[in-house]
Structure formats: structure tokens, C-alpha cells
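This chain uses plain numbering: 1 for the first residue, then up along the sequence.
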Amino acid sequence: MPTTSTTSPCDSARTLARPVVRTPLGVEITAGEDTPARLPGEVSSHPAHRLLARDAGEYLFVGLRGGARPDTAAPHTGAPAPAHEPSGALGLRLAPGDVCFYDVRRAPALDFREPFRATTFLVPADLLGLVDSDVRRIARTPVARASRLGTLLSPLLSDLARASAEARPQVGEMLAWNAVNLLATLAAEQLGTAVPGPPSTSGTLGEAGEAGEAGEAGGTGTRGVPGAPGTPGAHSPVLGRVLEYVELHLTDPDLSPEVIARAHHISVRYLHKLFKDEGTTVGRWILRRRLEECRRDLMRYGRGGRTIAAVAARWGFLSATHFSRVFRSAYGMSPREWRDTAGRGAWSGHR
């Protein structure tokens with residue numbers, strides 16, 4: 001369960017520190033800190049790497065902690081991986097609401113002209129499925145608040161950070177893990193990598209599928225991420241509300257297009273069109289999100305926690321057999337194999 005503390009172990013020299021929410025697998029969240037002198041890091045801020053901003057407002061930072069999987073092509077020398085230094089001075093200009101990833105081994109210096117609020121997520125890089133080269137790349141490409149994905153996820157991440165700090169421990173942990181899932185999606189899209197998508201399936205939404213819909217989407221070849229960069233057209237505010245509704249009702253086995261459409265006073269046909277325009281389907285999105293939550297629960301609780309069937313039922317799967325089948329199709333291993341090997345690089349080949 002998450003706990004709170006007035007200081008982060010990564011950095012004791014912070015200005016006006018707010019409580020830090022901590023979760024069992026090393027995720028820490030600090031919401032709305034007023035004008036911190038520096039970002040949390042393992043060493044002093046690196047002078048050659050600066051973040052620049054002129055305007056007041058809230059900025060979101062994602063500090064990637066050690067534990068990123070090494071590049072498979074890189075030879076293993078037995079020596080610890082060094083902090084990677086930039087070849088030259090790197091200055092990234094930010095605007096309020098931007099999401100900036102950084103490596104805690106070389107946290108950037110802050111050059112902000114006006115007072116600002118910082119919401120910071122400290123996340124082990126391997127929880128986001130990132131290798132060392134990914135960490136270096138993503139630290140150079142902030143996600144703009146004005147981008148399609150930033151428009152959707154920046155305010156949602158900010159809200160989750162505040163809510164996790166204010167909620168009771170059990171709820172706070174669940175909210176923090178929702179934030180981790182969103183950050184994993186954001187990182188994958190920013191890097192242009194494929195995220196494991198759920199397989200083509202038939203059946204009811206209670207079995208994490210959508211009758212007929214998944215087959216029409218063409219299997220797992222599409223990214224299935226609403227708001228993905230490069231998708232034509234303007235982001236729909238209705239879709240944003242729909243996605244929030246889905247997040248809040250993932251555990252409901254009766255979640256269906258009809259239920260979602262009725263809750264938003266739109267037709268089922270229009271709901272399907274919203275997701276089709278974004279390159280995915282309602283059923284595929286729900287299935288993917290449920291599988292992600294099950295995967296994280298299996299990692300968190302291990303053998304000594306809930307049974308695999310209980311985890312599946314918690315996230316809306318009516319059939320444990322169906323859950324095992326779609327889990328293996330999405331991640332290349334059974335739920336039991338994932339649970340027993342999670343934390344030892346089991347997912348390295350299934351990004």
C-alpha cells in the first residue's frame with residue numbers, strides 16, 4: 001500500500017516538498033509541488049541538460065529510475081551501466097502541461113522564468129518496458145500538451161497524481177497504477193514502438209471481447225491507442241470522456257458499447273465511429289486495458305496473493321479459460337508463467 005513522506009529518497013534538497021505517494025514496486029508520485037529548485041535525481045542536476053520554460057503553470061515530469069533492461073545488442077562487460085552523457089549541451093523548451101521524461105541518473109537542470117507547479121512521477125524504467133536506449137531517446141522528446149496524446153493524457157495524469165495523494169491507501173495504489181499504465185502507453189507512442197495489442201476475439205464484453213468488432217479490426221496489427229500521433233483529425237472531447245468512463249468501469253463485467261453509449265447520451269453507432277477514427281475498436285481497447293491491469297496485479301501480488309482466476313474476475317473476465325487464452329496471445333506467455341517470472345525480465349521480448 002502506498003505511504004506518504006515529506007521527502008523523496010532520490011532528492012532531499014527540494015523546495016516546499018509535498019507528500020510523496022509510494023507504491024510497492026518503486027513508483028513515487030509528487031503532485032503540485034511549488035517551484036522546486038531541482039528534479040529528483042541520483043546526483044546533482046546535469047548542467048549540460050536543461051529544461052527551459054517561460055510561462056507559469058503545471059509541468060509534468062517522469063523520472064525513469066534504474067532497472068531499464070539493457071539493449072540486447074549491447075555486449076555485456078560485467079561492469080555497471082554508466083549514466084549516459086549527452087554529446088553536447090541539450091536544452092529542451094517546455095510549455096505548461098507538457099510531459100517530460102528524464103533519466104534520474106542525470107536529471108536535467110531547471111531554467112524556468114516564472115513560478116510553476118511540478119507534478120513528478122518516479123517510475124522504474126522496466127515497468128514501462130523501456131531499454132537503456134529508449135530512456136536516452138525519450139528524454140530528448142517531451143510530449144507537448146498541445147499534441148493529440150498530450151491533450152488527452154496530460155490532464156488525466158495530473159488528476160490521477162492529485163487523487164492518489166488524497167485517496168485512502170488502497171485506492172491511492174490503484175490510481176497510481178492507472179498512471180503507470182498511461183505512462184507506458186505514452187512512452188510507447190512517443191518512441192513509435194508497438195504496444196502488445198489484444199488478439200482478435202469473439203464473445204461478450206464480459207469475456208473482454210466485443211462480438212464481431214475485434215475481427216473487423218484486423219487482429220493485433222493496429223496500435224489500438226486512441227489519440228495516437230499521426231492519426232488525422234481533431235481529438236474528440238467526447239472520446240476523452242468515454243475513455244475516462246471506461247477506466248472507472250473496467251472491473252464491471254457488464255461494460256458494453258450499449259452501456260457506454262447510454263451513459264454518454266450518444267448512439268452505439270457513433271461510439272464505434274469514434275474508436276474507428278482512432279484506429280481501434282471499443283472491444284479491443286477494453287480488452288487491452290483489462291489485460292494490462294491483470295498483468296500488473298499478477299506482478300504485484302505474486303504467488304502469495306490472489307489466484308489467477310481471482311485476478312481475472314476482478315477485472316471483468318467471466319471465464320478464467322478465456323482470460324488465459326487472450327493473455328497468452330497478447331503477451332506470449334500464460335498468466336502463470338508471467339506471475340512466476342515477473343521482475344526477472346520476462347517481458348523483454350514482448351514489447
Side-chain angles (χ1 to χ4, degrees), residues 128-129 143 147-154 156-157 178 180-250 252 255-261 263-264 266-296 315-317 322-323 325-327 329-332 350-351:
L128 304 186
V143 180
S147 68
R148 290 178 56 79
L149 207 56
T151 297
L152 172 64
L153 296 188
S154 176
L156 188 53
L157 285 166
N178 283 336
V180 169
N181 282 322
L182 293 175
L183 290 171
T185 297
L186 192 61
E189 289 300 317
Q190 193 71 355
L191 291 167
T193 56
V195 180
S200 248
T201 185
S202 60
T204 66
L205 260 181
E207 292 181 339
E210 181 178 351
E213 268 259 318
E216 293 174 10
T220 60
T222 60
R223 283 181 176 177
V225 180
T231 306
H235 174 70
S236 167
V238 177
L239 180 59
R241 293 194 292 272
V242 166
L243 293 179
E244 289 191 48
Y245 181 88
V246 169
E247 287 297 309
L248 292 172
H249 295 83
L250 278 177
D252 184 358
L255 185 65
S256 68
E258 291 75 19
V259 169
I260 296 170
H264 292 84
I266 59 177
S267 68
V268 174
R269 183 176 181 179
Y270 180 61
L271 175 68
H272 287 317
K273 182 180 184 299
L274 287 174
F275 279 79
K276 183 179 180 180
D277 289 347
E278 302 292 341
T280 189
T281 69
V282 183
R284 178 171 294 169
W285 181 255
I286 293 172
L287 175 56
R288 172 183 164 168
R289 288 293 301 113
R290 283 175 169 167
L291 286 173
E292 288 174 340
E293 293 297 343
C294 289
R295 181 171 59 86
R296 300 207 186 268
W315 291 106
F317 288 92
H322 174 76
F323 166 66
R325 183 170 67 249
V326 295
F327 190 100
S329 182
Y331 298 120
H350 304 282
R351 297 183 52 215

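- The side chain to side chain contact (heavy atoms under 4.5 Å, CB included) search around L248 returns none, not counting sequence neighbours.
- When all heavy atoms of R148 and E278 are compared, the pair lying nearest together is NH2-OE1, 2.8 Å.
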I would like to know whether R296 and E292 meet salt bridge (charged side-chain N to carboxylate O under 4.0 Å, His left out); could you show each step before the answer?
-> CA-CA 6 Å; R296 300 207 186 268; E292 288 174 340; over 6 Å; no
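- Here the OG1-CZ distance, from T280 to F275, works out to 7.5 Å after rounding to the nearest 0.5 Å.
- Between the CD atom of E293 and the CG atom of N181 there is a distance of 4.5 Å, given to the nearest 0.5 Å.
- Checked against side chain to side chain contact (heavy atoms under 4.5 Å, CB included), V268 has the following partners two or more places apart in sequence or in another chain: P257, E258, A261, H272.
- One distance of note links SG of C294 with CZ of F323; it measures 4.0 Å at 0.5 Å rounding.
- Not counting sequence neighbours, the partners of E247 by the side chain to side chain contact (heavy atoms under 4.5 Å, CB included) test are N178, L250, R289.
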Could you go step by step and tell me if L255 and R290 meet the side-chain contact (heavy atoms from CB on, under 4.5 Å) rule?
-> CA-CA 12 Å; L255 185 65; R290 283 175 169 167; 3.7 Å; yes
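- Considering only heavy atoms from C-beta on, D252 stays 4.5 Å or farther from V259 through its side chain.
- For the atom pair OG (S147) and CD (Q190), the distance works out to 7.0 Å, reported to the nearest 0.5 Å.
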Evaluate side-chain contact (heavy atoms from CB on, under 4.5 Å) for V143 paired with L153, printing each intermediate quantity in order.
-> CA-CA 10 Å; V143 180; L153 296 188; over 6 Å; no
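- Separating the CD1 atom in I266 from the CG atom in L274 is a distance of 5.5 Å, to the nearest 0.5 Å.
- Taking the six-membered ring where the residue is Trp, F317 and H322 present tilted rings, their angle falling between 30° and 60°.
- Summarising the geometry, atom CG belonging to L271 is positioned 12.0 Å from atom NZ belonging to K273; distances are rounded to the nearest 0.5 Å.
- The two atoms that bring V180 and L128 nearest to each other are O-CD2, 3.7 Å, heavy atoms only.
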